[in-house]
Amino acid sequence: MAVQTVPQKSEFRVETARTYDQSRPVRWILAHLADNKWWLAAFFFGMTVTNIFNAAIPRQVGEAFSVVTGEAAGDAFQAIATLGLFVVGLTIGRFFCDTLASLSIEVVGKRLERDGRSELYRNLLGKSQTFHNQQRVGDIMARAANDVRFVNEMMTPGFSLLYDSMMAILMPVIFIAFIDLRLLLAPLAFCFFYYFALRHYMRQLDPVSDAVRARFGDMNATLNEAVSGIEVVKAAGQERQELGKFIRDARRYRDMFVAQGEVQARYIPTLLIGVAIAGAFVHGVYLLNLGELSLGDLIGYMGLMWVLRWPAFSSYFTFYLIQMGLSGAARILELLKAETELDQNSDGYTAPMQGEIVFENVTFRHGDGTDDLLRNISFSAKPGETIAIVGQTGSGKSTLTKLVNRTYDVTDGRILIDGVDVRDWNLDSLRSQISIIEQDIFLFSRTVAENIAFGLGQQVSRADIERAAHEAQAHTFITHFKDGYDTVVGERGVTLSGGQRQRIAIARALLTDPRILILDDATSAVDSATEDEIQKAIKRVLEGRTTLLITHRLSQIRRADRVLLVRRGEVVAQGTHDELMASSTLYQRIFARYDI
């Protein structure tokens with residue numbers, strides 16, 4: 001069997017990942033974009049040249065009209081042919097530059113989505129259990145999936161269209177200036193009112209976009225809870241109630257979309273561009289009648305004014321995408337910046353464990369300021385000892401064990417493993433040498449073999465997996481599956497019985513060879529026949545390991561080296577089973593009430 005003698009650091013390191021500026025959504029996005037500066041440079045170049053070519057084409061069409069009407073001197077045929085070839089060249093050049101810009105911004109957008117989602121996922125893995133206890137899974141999924149996607153769409157087509165629109169305003173204005181400075185009156189007036197119209201539009205759109213994303217998170221959270229707890233919903237006959245909750249959240253989401261549509265319906269720039277084009281035409285015709293503007297220049301001028309229609313129309317969609325992206329980025333940053341008391345301690349103590357555990361006046365309470373869940377807990381366990389922990393439901397037994405691997409951190413006092421405070425250990429090194437087997441085993445929707453090898457990943461062979469399954473009394477039932485070890489179990493292992501999940505968890509613990517083992521009511525929810533099989537496996541897994549055993553099974557307690565009696569968060573007695581039966585009336589009452 002593969003035995004881990006020295007804890008190996010996983011390739012995935014939460015604390016070594018690059019940290020981006022998280023002060024504001026825009027700065028966070030810019031920090032990510034800095035990693036793609038060459039792709040951005042290619043985009044800016046391609047889009048700028050595209051718009052230069054795009055504005056040059058109407059100007060050449062105007063020159064062609066001047067040639068046809070005889071306003072331009074020289075050979076008309078040769079001039080038309082030259083202008084035609086020039087326009088073809090501009091069109092081909094525009095195509096390649098537009099392709100370069102589109103490809104570049106697509107790469108930037110996809111990388112931004114990938115890196116943002118990776119940063120969020122890495123950050124979530126580094127959060128403490130206290131943080132996750134306070135979060136709704138559906139809302140986190142909405143942020144990790146949809147909000148990150150909106151950040152991508154903010155870049156493409158959002159920012160791509162925004163820059164395209166800016167250039168589609170700037171380049172025609174420059175070309176119009178070369179025709180006649182007086183012709184700038186209409187386009188500059190349009191730009192002036194366009195700016196204030198967009199500013200007003202964005203101010204109205206901002207809060208509505210934030211509300212749309214928030215309502216989507218609420219709706220997704222309700223759906224996730226209903227699907228995850230579908231067994232409870234059906235058992236309690238609460239389908240109608242859950243449907244009502246979902247419909248309520250869906251209506252709120254719809255109402256926010258309607259409110260957003262009302263803001264978009266009041267979009268003014270499309271009206272402004274119509275007025276600007278009409279005013280430009282009147283102004284141009286006036287100068288033409290005065291003989292101060294040629295027909296070709298008027299045609300070119302109106303062609304350039306027509307180009308301004310694109311930014312006027314596209315900004316309706318563009319700024320919506322940008323605002324939704326910024327709202328999504330803000331929701332992502334809420335998670336990234338959420339405080340967590342867990343310290344990864346990447347430079348902490350790393351060594352093979354012997355398994356000595358010492359609790360020194362340990363007190364624990366959750367960070368929300370609630371009452372102490374544990375108070376002044378003190379005990380010790382030598383390497384290889386088994387400590388049974390007993391007490392009534394809600395006394396704090398499970399919470400006590402979760403302090404050992406830093407699922408939670410102590411509030412006061414300290415916990416030593418091999419004489420080193422657990423907070424001074426490298427977190428990977430600490431947790432890789434501690435295994436927990438609980439009553440409610442979580443299995444991933446993967447193959448049986450992958451679930452057994454979860455603690456070691458690719459570092460273990462199939463032979464080692466099967467050997468661990470044999471010792472955990474799991475090999476027989478696994479081989480009865482159609483695909484054996486390659487059988488994919490349902491999400492959370494719902495396709496397996498409770499006893500089967502327990503034995504797979506024990507096989508996982510045997511394979512990782514932990515120095516400290518925590519068993520939390522591992523046989524409380526199985527029948528007697530299944531328990532006999534699990535007891536054989538537990539007897540094997542306890543050998544040579546320091547064990548904290550939460551149980552009310554007398555057969556297991558008698559094998560323990562010492563028993564801790566926990567009541568309302570305090571250790572009120574400790575000793576062997578016989579000693580406590582003789583000295584503690586509370587201990588006697590507990591075993592009088594439980595099936596032992």
Side-chain angles (χ1 to χ4, degrees), residues 7 125-134 339-345 348-349 351 353-383 385-440 442 509 514-522 545-551 560 562-574:
L125 290 178
K127 298 289 191 185
S128 68
Q129 188 62 41
T130 303
F131 167 84
H132 287 287
N133 290 344
Q134 298 171 348
E339 293 185 3
T340 175
E341 66 273 17
L342 185 63
D343 176 19
Q344 298 289 327
N345 198 10
Y349 182 72
M353 282 183 183
Q354 301 302 312
E356 181 188 32
I357 303 174
V358 177
F359 275 60
E360 294 184 353
N361 299 316
V362 170
T363 296
F364 171 74
R365 75 182 69 89
H366 285 302
D368 55 7
T370 57
D371 295 336
D372 293 342
L373 300 180
L374 298 173
R375 290 181 298 278
N376 298 322
I377 302 292
S378 294
F379 71 91
S380 63
K382 296 178 182 179
E385 282 190 336
T386 296
I387 305 297
I389 304 173
V390 300
Q392 295 175 325
T393 301
S395 59
K397 304 184 298 295
S398 296
T399 302
L400 185 153
T401 60
K402 289 179 179 179
L403 299 176
V404 178
N405 74 338
R406 295 190 64 202
T407 298
Y408 303 115
D409 271 338
V410 301
T411 304
D412 295 306
R414 62 177 184 163
I415 300 173
L416 306 176
I417 293 182
D418 296 346
V420 180
D421 193 314
V422 292
R423 290 167 293 189
D424 295 330
W425 277 81
N426 172 280
L427 193 61
D428 275 357
S429 181
L430 175 74
R431 290 181 172 175
S432 65
Q433 300 179 83
I434 300 174
S435 282
I436 301 178
I437 302 176
E438 299 180 283
Q439 175 185 342
D440 185 16
F442 186 95
R515 302 315 306 153
I516 295 176
L517 181 66
I518 297 171
L519 295 174
D520 190 348
D521 266 349
R545 296 175 174 85
T546 306
T547 304
L548 300 180
L549 176 65
I550 298 176
T551 183
R562 190 159 65 261
V563 181
L564 302 182
L565 177 58
V566 182
R567 180 175 182 268
R568 296 179 181 176
E570 296 182 273
V571 175
V572 295
Q574 55 180 299

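Hydrogens, waters and symmetry mates play no part in the numbers below; they use all other heavy atoms, side chains included.
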Residue that, paired with V422, satisfies side chain to side chain contact (heavy atoms under 4.5 Å, CB included) out of I357, I415, L427, L416: I415

Short side-chain to backbone donor-acceptor contact, T411 and R365, under 3.5 Å: yes

Validation row: M353, L430 side chains within 4.5 angstrom (heavy atoms): yes

Close side-chain approach of I436 and T401, heavy atoms under 4.5 Å: no

Shortest non-hydrogen separation from D520 to S398 and the atoms involved: OD2-OG, 2.7 Å

S378 OG to E570 CD distance, which is reported to the nearest 0.5 Å: 11.0 Å

Pairwise distance CD(E385) to OG1(T547) - rounded to 0.5 angstrom: 10.5 Å

Exam field: side chain Q433 to backbone A351, donor-acceptor pair closer than 3.5 Å: yes

K402 to N405 - nearest heavy-atom pair and separation: O-OD1, 3.2 Å

Any L517 side-chain heavy atom under 4.5 Å of I437 side chain: yes

Separation of D418 CG from W425 CH2 (nearest 0.5 Å): 5.5 Å

CG on L564 to CG on L549, rounded to 0.5 Å: 11.0 Å

Any donor-acceptor N/O pair, R431 side chain to R406 backbone, under 3.5 Å: yes

Heavy-atom side-chain proximity of F359 to V404 below 4.5 angstrom: yes

Spacing of OH belonging to Y408 relative to CG belonging to L373, to within rounding of 0.5 Å: 9.0 Å

Worked verdict on Q574 versus I387 for side-chain contact (heavy atoms from CB on, under 4.5 Å): CA-CA 10 Å; Q574 55 180 299; I387 305 297; over 6 Å; no

Interatomic spacing from CD1 in I377 to CG in L400 - rounded to 0.5 Å: 5.5 Å

Under 3.5 Å donor-acceptor, K397 side chain and Q392 backbone: yes

R567 side chain reached by S395 side chain, heavy atoms, under 4.5 Å: no

Side chain to side chain contact (heavy atoms under 4.5 Å, CB included) partner of V362, chosen from D412, V571, L403: L403

I434 side chain near I417 side chain, heavy-atom distance below 4.5 Å: yes

Exercise: identify the closest heavy-atom pair between Q354 and P383: O-CB, 3.2 Å

